[in-house]
Amino acid sequence: MIRAAYTCSDKQLATSFFARSTVTVARDLLGRRLVRCHGDGRMTEGMITETEAYDGFEDRASHAHRGMTRRNAVMFGPPGVIYLYLCYGVHWLLNITTREEGYPTAVLIRGMEGVSGPGRLTKHLELSGEENTLPLGRTAGLWVAAGNPVPEASVARSARVGVDYAGPEWSRMPWRFQVSGGGGAG
DNA sequence: TGCGCGATTCTC
DNA sequence: AGAATCGCGCAT
């Protein structure tokens with residue numbers, strides 16, 4: 001039997017990485033490797049290719065824009081924490097909290113290498129409500145590996161998906177980040 | 001306690 | 001274009 005070994009993805013991003021501006025973190029996560037370590041030793045990992053920022057009370061697209069509730073409480077907590085919620089009663093969506101405690105923010109992980117769509121991503125990584133509220137790390141079996149972001153030329157910005165209900169100002173906010181074809185091998 | 005809706009995805 | 005599917009958030 002082959003025992004899973006931690007290799008280059010062993011070193012994870014420090015909590016301080018997530019303690020910055022939500023939009024900055026969303027952009028800076030592109031190109032980083034998302035690592036999932038299952039209980040039975042299997043590991044799944046891949047480069048993050050798409051993210052979205054949800055920032056503060058004023059952002060009407062954010063779960064937190066009307067204040068703290070049971071569901072979104074984790075967004076008000078410390079940075080680097082996993083926020084998983086059930087969308088449409090069908091799909092789990094993965095977020096990572098950012099900024100300081102008390103200010104509600106999170107980055108939605110929408111896509112990774114070989115996987116498009118936030119609902120398919122959690123299914124691929126075998127994530128569900130169990131990991132909700134856990135800090136990124138070995139205990140959760142999920143973390144972002146230290147590495148390099150993609151170059152600026154490889155970043156595409158656009159409006160967030162599926163948030164028309166937030167009104168024109170907030171639904172048009174260019175807080176969606178994707179790895180585009182440009183920028184060379186980096 | 002009840003009701004409408006959603007940070008999506010799959011099928012027709 | 002419409003269904004799946006259920007917890008959340010707000011109104012009663």
Side-chain angles (χ1 to χ4, degrees), chain A residues 17-32 34 36 44 46-99 102-136 140 142-144 149-150 155-180:
Chain A
F17 175 94
F18 298 97
R20 301 175 296 158
S21 146
T22 310
V23 170
T24 299
V25 173
R27 180 263 172 270
D28 208 1
L29 279 172
L30 295 185
R32 314 273 181 172
L34 188 58
R36 173 71 167 137
T44 308
M47 189 183 80
I48 295 173
T49 57
E50 183 177 351
T51 61
E52 280 179 1
Y54 288 85
D55 187 87
F57 299 93
E58 295 188 358
D59 179 4
R60 292 179 59 185
S62 171
H63 287 168
H65 82 283
R66 286 184 192 277
M68 189 189 293
T69 64
R70 183 167 162 174
R71 177 176 68 167
N72 68 25
V74 63
M75 292 181 73
F76 290 73
V81 176
I82 298 166
Y83 173 35
L84 280 156
Y85 77 95
L86 190 61
C87 185
Y88 291 98
V90 182
H91 305 286
W92 289 97
L93 268 56
L94 171 66
N95 300 256
I96 301 172
T97 62
T98 59
R99 294 223 9 193
Y103 187 82
T105 55
V107 171
L108 170 66
I109 310 297
R110 288 189 60 90
M112 61 188 287
E113 247 175 326
V115 186
S116 291
R120 300 182 66 182
L121 183 142
T122 54
K123 186 166 187 177
H124 180 73
L125 296 177
E126 299 178 34
L127 290 167
S128 65
E130 286 189 28
E131 290 80 13
N132 187 34
T133 74
L134 295 176
L136 288 172
L142 180 73
W143 63 89
V144 182
V150 296
V155 177
R157 283 185 76 150
S158 59
R160 293 171 293 181
V161 174
V163 295
D164 287 347
Y165 59 84
E169 178 187 357
W170 292 101
S171 64
R172 290 173 191 164
M173 203 69 72
W175 286 354
R176 178 192 190 192
F177 297 87
Q178 293 174 92
V179 177
S180 64

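Order of the sequence lines sets the chain letters (A, B, ...), proteins ahead of strands, with each chain counted from 1. Computed from a predicted structure; not experimentally measured.
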Could you pull out every donor-acceptor pair under 3.5 Å between side chains of residues 69-78 of chain A and any protein atom, sequence neighbours left out?
residue : atom : partner : partner atom : Å
A:Thr69 : OG1  : A:Asn72 : N            : 3.4
A:Thr69 : OG1  : A:Asn72 : OD1          : 3.4
A:Thr69 : OG1  : A:Asn72 : ND2          : 3.3
A:Asn72 : OD1  : A:Thr69 : N            : 2.7
A:Asn72 : ND2  : A:His63 : O            : 3.0
A:Asn72 : ND2  : A:Gly67 : O            : 3.0

**Complete:** To the nearest 0.5 Å, atom CG of A:Leu136 lies from atom CD1 of A:Ile82 at 5.0 Å
**Asked** With rounding to whole Å, what would you report as the distance between B:dG2 and C:dT5 at their P atoms?
**Response** 22 Å
Please list each protein N or O that sits under 3.5 Å from an N or O in nucleotides 10-12 of chain C, with the distance.
residue : atom : partner : partner atom : Å
C:dC10  : OP1  : A:Arg66 : NE           : 3.1

**Message:** Under 4.0 Å, heavy atom to any atom of DNA chain C: which of residues 106-127 of chain A qualify?
**Reply:** none
**Request:** Would you please name every residue forming a side chain to side chain donor-acceptor pair (under 3.5 Å) with A:Arg157, sequence neighbours left out?
**Result:** none
**Prompt:** Could you give the distance from CZ (A:Phe17) to OG1 (A:Thr98), rounded to the nearest 0.5 Å?
**Reply:** 10.5 Å
**Request:** Measure the spacing between OG1 of A:Thr49 and CD1 of A:Ile109 and express it to the nearest 0.5 Å.
**Result:** 9.5 Å
**Fill in**
Here the gap from A:Leu86 atom CG to A:Asn132 atom CG, rounded to the nearest 0.5 Å, amounts to 11.0 Å
**Request:** Go through residues 47-64 of chain A and report each residue with a non-hydrogen atom lying under 4.0 Å from DNA chain B, sorted by number.
**Result:** A:Tyr54, A:Ala61, A:His63
**Item:** A:Arg176: salt bridge (Lys or Arg N to Asp or Glu O under 4.0 Å) partners, not counting sequence neighbours
**Value:** A:Glu50
**Message:** For A:Asp59, give me all partners under salt bridge (Lys or Arg N to Asp or Glu O under 4.0 Å), at least two apart in sequence or on another chain.
**Reply:** A:Arg160
**Prompt:** In Å, rounded to the nearest 0.5 Å, how long is the span from CZ of A:Arg36 to CG of A:Leu127?
**Reply:** 4.5 Å
**Item:** A:Tyr165 side-chain N/O to A:Ala61 backbone N/O, donor-acceptor pair under 3.5 Å
**Value:** yes
**Asked** Can you check side-chain contact (heavy atoms from CB on, under 4.5 Å) on A:Leu142 and A:Glu131, steps first, answer last?
**Response** CA-CA 9 Å; A:Leu142 180 73; A:Glu131 290 80 13; 5.8 Å; no
**Request:** Both distances under 3.5 Å, Watson-Crick or G-U wobble: on that basis, could you give the dot-bracket string for DNA chain B, with [ ] for crossing pairs and | for other-strand partners?
**Result:** ||||||.||||.
**Item:** Contacts of A:Glu130 that satisfy salt bridge (Lys or Arg N to Asp or Glu O under 4.0 Å) - sequence neighbours left out
**Value:** none
**Request:** Check every nucleotide of DNA chain B for an atom under 4.0 Å from a heavy-atom of chain A, then give the first and the last such nucleotide from 5' to 3'.
**Result:** B:dG6 to B:dC10
**Message:** Taking salt bridge (Lys or Arg N to Asp or Glu O under 4.0 Å) as the definition, give me every residue that meets it alongside A:Arg60, ordered by chain and number, with sequence neighbours left out.
**Reply:** none
**Request:** Could you tell me whether A:Arg160 contacts a base, only the sugar-phosphate backbone, or nothing, with contacts defined as non-hydrogen atoms closer than 4.0 Å?
**Result:** nothing
**Asked** Listed in order of residue number, which residues of residues 78-94 of chain A have a non-hydrogen atom at under 4.0 Å from DNA chain C?
**Response** A:Tyr88, A:Gly89, A:Val90
**Complete:** Here the gap from A:Phe57 atom CZ to A:Met68 atom CE, rounded to the nearest 0.5 Å, amounts to 7.5 Å
**Prompt:** With distance as the sole test, does A:Thr22 use its side chain to make a donor-acceptor pair with the main-chain N or O of A:Asp55 at under 3.5 Å?
**Reply:** no
**Request:** Please check if the side chain of A:Thr97 supplies one atom and the backbone of A:Val81 the other of a donor-acceptor pair under 3.5 Å.
**Result:** yes
**Request:** Decide yes or no on side-chain contact (heavy atoms from CB on, under 4.5 Å) for A:Trp170 and A:Glu58, but give the supporting numbers first.
**Result:** CA-CA 9 Å; A:Trp170 292 101; A:Glu58 295 188 358; 3.9 Å; yes
